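Report on the structure given below.
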Amino acid sequence: MESKINRLREKLEASINRYQLLYETSPDMYVSVNTDGSIKDCNQTLVEKSGYRKEDIIGKSIFMLYHPDSLERAQDAFQSFLQQGKVVNANLELRRANGSKIPVLLNVEAIKDEKGAILYSNSCWRDVSKIQRLEEELKEKNKELAEKVCQLEAKNKELEQFAYVTSHDLQEPLTTIMGLTQLFEKEYCDQLDDEASKYLRFISQASSRMRELVIALLEYSQLGNKREFHLIDCNEIVKNMLDDLSAIIASTNTTFEIGALPQVKGNATELRLLFQNLISNAIKFRHKRKRPHIKISSLLEDGYWKISIQDNGIGIAPDHQQKIFVIFRRLHAASDYEGTGIGLAHCQKIVEVHKGKIWVESQEGYGSTFHISLPQLIDEG
Ligand code: ADP
């Protein structure tokens with residue numbers, strides 16, 4: 001019997017020692033406070049963090065450990081401990097012996113006698129200075145990021161303005177060159193030999209092409225300036241687009257497979273342009289030995305509609321798949337495939353102002369799939 005009691009006593013002592021070790025070395029500061037506000041006990045962590053000696057704390061008022069900035073809130077927390085027997089997540093500040101602050105999160109549980117009267121508190125202060133520092137750093141970083149976005153937006157506006165002014169102003173001398181070339185050809189045609197006529201034709205062709213580019217640049221810089229957003233049915237847009245492109249569709253024998261498309265919030269003119277560029281590219285860059293087939297489908301993914309336009313055309317080599325979205329970047333000579341190289345830059349800008357994305361998946365020689373993602377309507381979710 002006695003050996004059993006001894007074994008139990010040893011177990012109890014071991015358990016008390018373990019508890020004591022955990023209590024003293026916990027990363028949190030523990031303090032027990034009597035109902036008159038005097039400190040009954042505290043752990044080693046509190047001693048180390050506060051810089052006080054234990055004997056300087058025990059028996060003193062708990063409020064000596066609070067920073068004057070949060071004294072009032074500490075008194076309120078103590079009142080709620082007395083009245084409700086607990087405090088949950090109170091944000092307060094302690095004052096170290098050297099006067100500096102420790103931001104803490106206070107949680108209190110009351111220890112009661114058998115009749116339910118409060119004897120003292122078990123209070124825990126969690127040092128949240130690291131978390132607060134990280135939060136402040138994060139806030140600072142977010143502020144920097146927001147400033148950078150503002151600067152980028154301003155730079156973008158500036159560039160758009162620049163593109164607008166230059167493309168607008170370039171039109172006049174270009175019109176003069178084209179007009180004078182025509183006049184020159186008319187007036188001197190009988191005096192020009194074959195070589196001179198050929199050069200003149202080149203000048204005329206180059207100026208027409210330059211005019212196309214200048215007009216495209218002007219349109220690009222103007223894109224989205226007077227933007228109104230409405231509810232747009234993509235099925236309608238695609239249907240109208242196929243009517244508009246009926247001549248080229250018939251002459252190229254292109255077939256279509258069109259799934260159900262979503263309604264989105266957007267600008268009708270811009271979304272029309274988006275589909276027009278993608279569908280006409282899918283026809284234009286067709287494979288010489290295959291009948292063009294275009295599949296248009298949509299899928300809802302994480303709050304965004306992914307609309308895919310898939311063709312079985314010439315495809316795009318992996319190295320070029322990013323570059324094609326850059327303005328005026330083309331992979332072919334104008335004599336092979338006509339165009340200005342602005343279509344996909346347009347598409348990218350349109351999709352971005354609609355808070356979406358555009359990207360391509362392609363295999364050279366087999367076809368390309370252009371994907372656009374556009375936000376799902378809020379009331380669809
Ligand atoms: P453009 O059609 O006037 O050349 P875009 O900006 O629309 O200009 O396209 C840029 C380039 O991307 C094209 O010159 C072409 O090389 C490539 N491209 C675009 N769409 C396709 C497609 N569906 N299949 C293969 N290549 C494509």
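Being a predicted model, the structure only gives us computed values, none of them experimental. We count ligands from 1, going down the list as the structure has it; atoms in each ligand are counted the same way.
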Q) Do L105 and M29 share a hydrophobic cluster, counting only Ile, Leu, Val, Met, Phe, Trp and Tyr and linking them when any side-chain heavy atoms are less than 4.5 Å apart? A) no
**Q.** ILVMFWY cluster, I39 and I111 together (side-chain gap under 4.5 Å)
**A.** no
Q.
Can you tell me which residue among Y23, Y19, W125 is in a ring-ring contact (aromatic ring centres under 6.0 Å, His included) with Y30?
A. Y23
Q) Where do H354 and F229 land on the ring pair (Phe, Tyr, Trp, His ring centres under 6.0 Å) test, with the steps shown first? A) CA-CA 9 Å; H354 284 77; F229 275 41; 4.7 Å; yes
At a non-hydrogen distance cut-off of under 4.0 Å, which region of [X] contacts ligand 1 (side chain, backbone, both, or neither)?
X: I342; answer: backbone
X: F325; answer: neither
X: N281; answer: both

What residue and heavy atom of the protein are closest to [atom], and at what distance?
atom: atom 11 (C) of ligand 1; result: I324 CG2, 3.8 Å
atom: atom 21 (C) of ligand 1; result: F285 CD1, 3.5 Å
atom: atom 4 (O) of ligand 1; result: R330 NE, 2.6 Å
atom: atom 2 (O) of ligand 1; result: K284 NZ, 2.9 Å
atom: atom 10 (C) of ligand 1; result: R329 O, 3.5 Å
atom: atom 6 (O) of ligand 1; result: L344 N, 2.7 Å
atom: atom 26 (N) of ligand 1; result: I316 CG1, 3.3 Å

Q) Strictly by modelled atom types, are Y164 and E160 linked by a side-chain donor-acceptor pair under 3.5 Å? A) no
Q.
Distance alone, cut at 3.5 Å: any donor-acceptor contact between the side chains of Q75 and Q79?
A. no
Q | Row check, Y220 ring normal vs K349 NZ/CZ: under 6.0 Å, within 45° | A | yes
Q. So is K284 actually on top of Y337's ring, under 6.0 Å and inside 45° of the axis?
A. no
Q: Check each atom of ligand 1 against the heavy atoms of S368 and keep those under 4.0 Å away; list them by number with element.
A: 24 (N), 25 (C)
Q: Just go through G343, G341, S280, G315 and tell me whose heavy atom is the nearest to atom 1 (P) of ligand 1.
A: G341
Q) Should one rank D311, I294, D336, I283 by closest heavy-atom distance to atom 23 (N) of ligand 1, which comes out on top? A) D311
Q: Please confirm whether Y337 comes under 4.0 Å of ligand 1, counting heavy atoms of the residue only.
A: no
Q. Quick one: does L344's side chain get under 4.5 Å of L278's, heavy atoms only?
A. yes
